[in-house]
Structure formats: C-alpha cells, structure tokens
Amino acid sequence: MDHYKILGLSRNATKDEIKEAFRRLALKFHPDKHLQSSKEVRDGATLRFKQVSEAHEVLIDDQKRADYNQRCGSSYGGSGFSSSRYITTRGFLLNLGLACILLGGAVAIERSGDALWRMHNSGKSFEEAMESLEKNKTTKKN
C-alpha cells in the first residue's frame, strides 16, 4: 500500500498538501456519509477511509514519514514496500506449490514401483530376488 498514491500525492508533498488531501478524501469516504448506501458501498468506503487515515497518520508525522520513505525507498517509483513483499510472497507460494507437485510425483512413482515389485515378486524381498538371480546365473554358466 503506497500512502502517497492513496492520498493522490507526490513523494515531495508538503504537510499542507497532505492535510488537504486527507480532509478531502476523509469527507468523501467517511462511513457516516454512506449509512444509506448498500453494504458493498459501505464496506468499500470504510476500507478506503481506513487506508486514507493510515496514510495521513504516517505522512503527517515527520519521523514516521522518514521511516516510511526509508523502508519503501523512493527508487521503487511508487510501487512501495508492500508490493515487493507481495511479489516475494507470491513467488514463494508458487515455488512451494511446485515443490509439492514434485514431491507428490516422487511419492507416486515410489509407491507404484513398490506395487509393481510385489505384483511380480510375491513373497520375496529384494535381497532374496537378487540371490535367486545370482543362483540362476551360476547354474546357467555351469
């Protein structure tokens, strides 16, 4: 969530510009103004009001604004910290999904191999089957 974008401001906005943007948007999205609206509109306005309030709270305080700017970095071009975290989370989830698919495939192959072994070698362990093969080889050579 880019606080500057939410308020419709540039990164070098003054405190007066921040106050004016907040006042304008707070009036527009205040929950009391949408009491007669549908639930969807009320919920959307409430969410926007909370976002506008949070953006104002951070940007109007010099220390919080400096911390926010430091954390988000102005080189992101407005994409902000949350967006890069979203991409990281999305990438992680995609990689996790791929790993689960690969692991599931490996388990399926292992189980099917065991099932085939039991089907063709009933009652014998792998070691017993190998001993039997060795005996057959030596008897054929003689």
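All values below were derived from every heavy atom in this structure, side-chain atoms included, with hydrogens, water molecules and symmetry-related copies excluded. Count residues from 1 along the sequence.
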dist L103:CG -> I101:CD1 (nearest 0.5 Å) comes out at 11.0 Å
Aromatic plane relationship, H56 with F22 - under 30° parallel, 30 to 60° tilted, over 60° perpendicular: parallel
Closest heavy-atom contact between H34 and A45? CD2-CB, 3.4 Å
Heavy atoms, side chains only, cut-off 4.5 Å: are E17 and K19 in contact? no
Residue pairs passing the salt bridge (charged side-chain N to carboxylate O under 4.0 Å, His left out) test with at least one member in residues 22-37, sequence neighbours excluded, are E20-R23
Does R11 reach the side chain of D2, with side-chain heavy atoms less than 4.5 Å apart? yes
D16 and T14: side chain donor to acceptor below 3.5 Å: no
Do K64 and L59 come within less than 4.5 Å of each other through their side chains, counting heavy atoms only? no
Nearest 0.5 angstrom please: I60 CD1 to L7 CG, how far? 9.5 Å
Out of curiosity, N69 CG to H3 NE2, how far, rounded to the nearest 0.5 Å? 10.0 Å
With salt bridge (charged side-chain N to carboxylate O under 4.0 Å, His left out) as the rule and sequence neighbours excluded, what pairs involving residues 38-48 come up? K39-D43
E54: side chain to side chain donor-acceptor pair (under 3.5 Å) partners, not counting sequence neighbours: none
Can you confirm whether P31 sits close enough to F49 that some side-chain heavy atom of one is under 4.5 Å from a side-chain heavy atom of the other? yes
Mind listing the closest non-hydrogen atom pair of I6 and L25 along with its distance? O-CD1, 3.5 Å
When every non-hydrogen atom of V52 is compared with those of A26, the smallest separation belongs to CG1-N, 4.3 Å
Rounded to the nearest 0.5 Å, how far does CD of E134 lie from OG1 of T139? 10.5 Å
Out of Q70, R71, Q63, R65, which one pairs with D67 under the side-chain hydrogen bond (donor to acceptor under 3.5 Å, both in side chains) rule? Q63
Less than 3.5 Å apart, any donor N or O on the side chain of Y4 or N12 sitting next to an acceptor on the other? no
